[in-house]
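What follows is a set of notes on a single structure, which appears directly below.
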Amino acid sequence: MREFEHDDDVDFAIVGTGAGGGTLACRLSELGFRVVAFDAGAWWRPLEEFASDESHQKKLFWTDERLCDGETPLVLGTNNSGKAIGGSTVHFAMVSLRFRPEWFKSRSLLGYGADWPLDWREMWHYYTQVEQALKISGPLKYPWGPKRPRYPYREHELNAAAWVLARGAEALGIDWTSTPLATVSAPRGHSPPCVYRGFCVSGCATNAKQSALVTWIPRAVAAGAEIRDLAMVTRIAVGNNDRVTGLEYIREGQRQFQRARHVVVAGYAIETPRLLLLSATSRFPDGLGNSSGLLGKNLMVQSNQAVWGVMPEEIRAYKGPPSLAITEHWNYTDIGKDFFGGYSYMSQGPLPIVWAGALNRRGLWGQALLDEMQHYNHQVGLKIVGETLPQERNRVTLADEKDANGLPIARVTYSFCDNDKRLIRHALDFMGRALDAAGVGDIWEETNDTCHLNGTARMGDDPRCSVVDGDCRSWDIPNLWICDGSVFPTVGGVNPSLTIQAIALRTADRIAALAGRGELDRRPQKKMS
Amino acid sequence: MQAPGQLKAAHSFTRSSSLLAWSVLADSAMEHYRGSFTNPAMTLPLASSLCALMAGIHSSGDSRPRRHVVRHAIYWSAAGIGIAGTAFHCYNIGKRPGGWCWNNLFYAAPIGAPMALLLSGVFGDVAERMREKPAVQPRLLGLPAWQSTALLCAAGLLGTAGEVGLLHLRGSFQHRAMYAPVLLAPAAATLLIHAAAVRRKPHWAARIALLAAQWLGVIGVLFHARGVARSQGGWRNWSQNLLSGPPLPAPPSLTALAMAGIAALRLEKAES
Ligand SMILES: Cc1cc2nc3c(=O)[nH]c(=O)nc-3n(C[C@H](O)[C@H](O)[C@H](O)COP(=O)(O)OP(=O)(O)OC[C@H]3O[C@@H](n4cnc5c(N)ncnc54)[C@H](O)[C@@H]3O)c2cc1C
Ligand code: SF4
């Protein structure tokens, strides 16, 4: 791996190497830029260092302390963020979905949320690129949305839990399909085909999973990027000319400084605003890039409620990737809804500790919990990825408490709005009917889970209403960029990683185009009309 | 007196039948073991192909110009079980949720597989009949024997191409070599049909294609072995990877069909 000196004026210093940062590091270095990417997490070698042990694998999660409040305080950690080279994709569930095209203009076309400054057709093009790069294994024909190219790899064999989803959907007369997944169904390079052991959200020990760690990062290194692991970035430095000059980070206990001509923040929707807020100066007292006042606001989770039950026969839902079957029916249908937005729901395969936790939250403990765990091989469920609406009151701010480095920790304030609650109710009712129709008994609802964090640095067309433009570039500081899940103006009802990676590919192309026109270091003055 | 050519042809078809029987034996043993023999009928193809294999061995040491009743019965039952197996596999797919969707075609009971047993039975039957045919211009199924057997082989090759196509599609054609059997088998079948239509021509193109297909079946085993090696744990984890990797016994069925095709052409040459 190429290594840069601290005084090297690298073209791009990237904070975070996940879906956003890893992808961008790869493409920018392939386009000839000099790139150093930092991550607070470790650079794991899955074949040697991943154990088949849920507890041990907690090493992949971002579990630094945060304060959570609001009407529906979030539970952060396992189900929402990672700390590793490759970011959360190292332990994500690999579900790789495209947005519904209308969502990019949900304010104008569907009457809620905010419009994206991006065109869906352009995104369609970048989605295809990501799907090719990750060799997504998906169905030959996708039932919803405009035509998309064939997935590079074939769909996976379905497990019994997925067939339960299929039976329920067929009974209720809606479409379903096998889920497009970022784990290969046939060999690819050094990746063996998936072995269907189902440890995915604790980290894939075979490298079948096409995480950023397995795909973008090796490409980035081959193209000359440096990946600096175990390096926690604590501050972005701004010079007298109101330009970013580099970043401060802590590695091996040492505070260090890397000079850079551009800084990209890609630390996911909590750490990204936190870092920008921490970097406030007298010239930017409210944090970098925050002239709109929106930095940290409009945090959107995705609702992740479930309906569970037991089947008379063995299901062993934990075999194989957790979400092998999906229906996006309620993403693409607008009638029969008493809420804005959409949701998809998928089959589930929780590992034992996660499952015990879910039962625990249901109030089971002691003998009752033990008894219920006896049904583990028979339990089966459906879980949504539901859209929540952007609300300014849902936000990331700095708390008074400090972390081990003496930096204020993030305070995460979150409340569902009425629309979110209506969507959840609709989904729980529908999934309950689906399970019932599939012959599942003892049905109960898990009402309090959330996943995926987005928003907090939304992109837009107007500097007054957004933090970055469509190229992920700060409106205020032309050599500061944000490229991760935080730029989403709305979240839609699908898992976000494919969209994050598509945005990163687009951003890389845009950066190259701007550089070609000499507009990289200077934002061209808009003509006044 | 029986022409030695006749017996030679009979032995050739027996060899094809036996190779197919071996392929079915190994393949269905592995696949049905994987399926835990949930239905007792899943042992039938094992028993049947084993019998067909033994009949083949017996037949190769038999140079009498007469069919053997037991052997012939075995071949007939193999063909019957092959047809029943296909019907059962179809039923199996149809009753699953999704019905005839790709996921079921890829991963439920393979529709093409029992056909190999049918073909093993049919070639065995052909071999038995050939023993009793007159020395000059033997006929089979209302056609000159070489033509009817050539057409049979062509049909078998097309079926195989379909099955390989489906399974290699499932494997996303991740390796370029995976296109080879999908292209070669139909090409050989087409040339064989063409040969059967225009007789008394040197059928060198069909011959070359069949020879290539015959060897591809052998090379295919090596490719599949490499596929097993590329699975997690490689050959060290053979007990799982032989079951989940590309099936080692599958490619030889291509060899068997190509051999039968070559035998059909040889029959014509002997005749003319
Ligand atoms: C259990 C789980 C399952 C998921 N399943 C799916 C799924 O099936 N499909 C899907 O599309 N999405 C899924 N996701 C979500 C998906 O993984 C994330 O949306 C996506 O990875 C976010 O990308 P990102 O680039 O914004 O952040 P991340 O991928 O999280 O990367 C951020 C990186 O930045 C680093 N970082 C942050 N701050 C700093 C700092 N100050 N200094 C240095 N490094 C820093 C972190 O260590 C981290 O590695 C899942 C997430 C989880 C946790
Ligand atoms: S099921 Fe597949 S993707 Fe998941 S951990 Fe196992 S090999 Fe990796």
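Any value given below was found using the heavy atoms of this structure, including those in side chains, with hydrogens, waters and symmetry copies removed. Lettering follows sequence order; numbering is per chain, from 1.
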Worksheet entry | Shortest non-hydrogen contact from B/Ser231 toward A/Pro192 | C-CB, 3.8 Å
Worksheet item: Of all heavy-atom pairs between A/Glu155 and B/Tyr107, which one has the smallest distance, and what is that distance?
Response: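 Minimum heavy-atom contact is O-OH, 2.6 Å.
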Worksheet item: Which value, rounded to the nearest 0.5 Å, describes the distance between A/His190 atom NE2 and B/Arg230 atom CZ?
Response: 9.5 Å
What do you reckon, is [atom1] of [X] surrounded by more than 12 foreign heavy atoms closer than 6.0 Å?
X: B/Trp76; atom1: CH2; result: no
X: A/Arg148; atom1: CZ; result: yes
X: B/Trp100; atom1: CH2; result: yes
X: B/Met259; atom1: CE; result: yes
X: B/Tyr33; atom1: OH; result: no
X: B/Trp102; atom1: CH2; result: no

Would you confirm whether [X], through its side chain, and [Y], through its main-chain N or O, come within 3.5 Å as a donor-acceptor pair?
X: B/Asn103; Y: A/His156; result: yes
X: A/Glu170; Y: B/Gly98; result: yes
X: B/Ser172; Y: A/Arg154; result: yes

Fill in: Under 4.5 Å from any heavy atom of chain A - which part of B/Asn104
side chain
Fill in: Side chains of A/Tyr153 and B/Gln174 in contact at under 4.5 Å (non-hydrogen atoms)
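Contact flag for A/Tyr153/B/Gln174 side chains = yes.
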Discussion item. Does any part of the side chain of B/Gln232, heavy atoms only, come nearer than 4.5 Å to the side chain of A/Leu47, both counted from C-beta?
Written reply: yes
Practice prompt. Quick one: which of B/Arg170, B/Gln240, B/His175 has the most heavy-atom pairs under 4.5 Å with chain A, could you say?
Written response: B/Arg170
Item to complete: Pick one of side chain, backbone, both or neither for A/Ser178, based on which atoms fall under 4.5 Å of a heavy atom in chain B.
Response: side chain
Fill in: Side chain / backbone / both / neither for A/Pro139 at chain B, heavy atoms under 4.5 Å
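Neither part.
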Worksheet item: Among A/Asn207, A/Val184, A/Leu140, which has the most heavy-atom pairs under 4.5 Å with chain B?
Response: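 Heavy-atom pairs under 4.5 Å are most numerous for A/Leu140.
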Worksheet entry | Top of A/Ala205, A/Ser191, A/Gly189 for chain B proximity - count of heavy-atom pairs under 4.5 angstrom |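 Option with the top pair count is A/Gly189.
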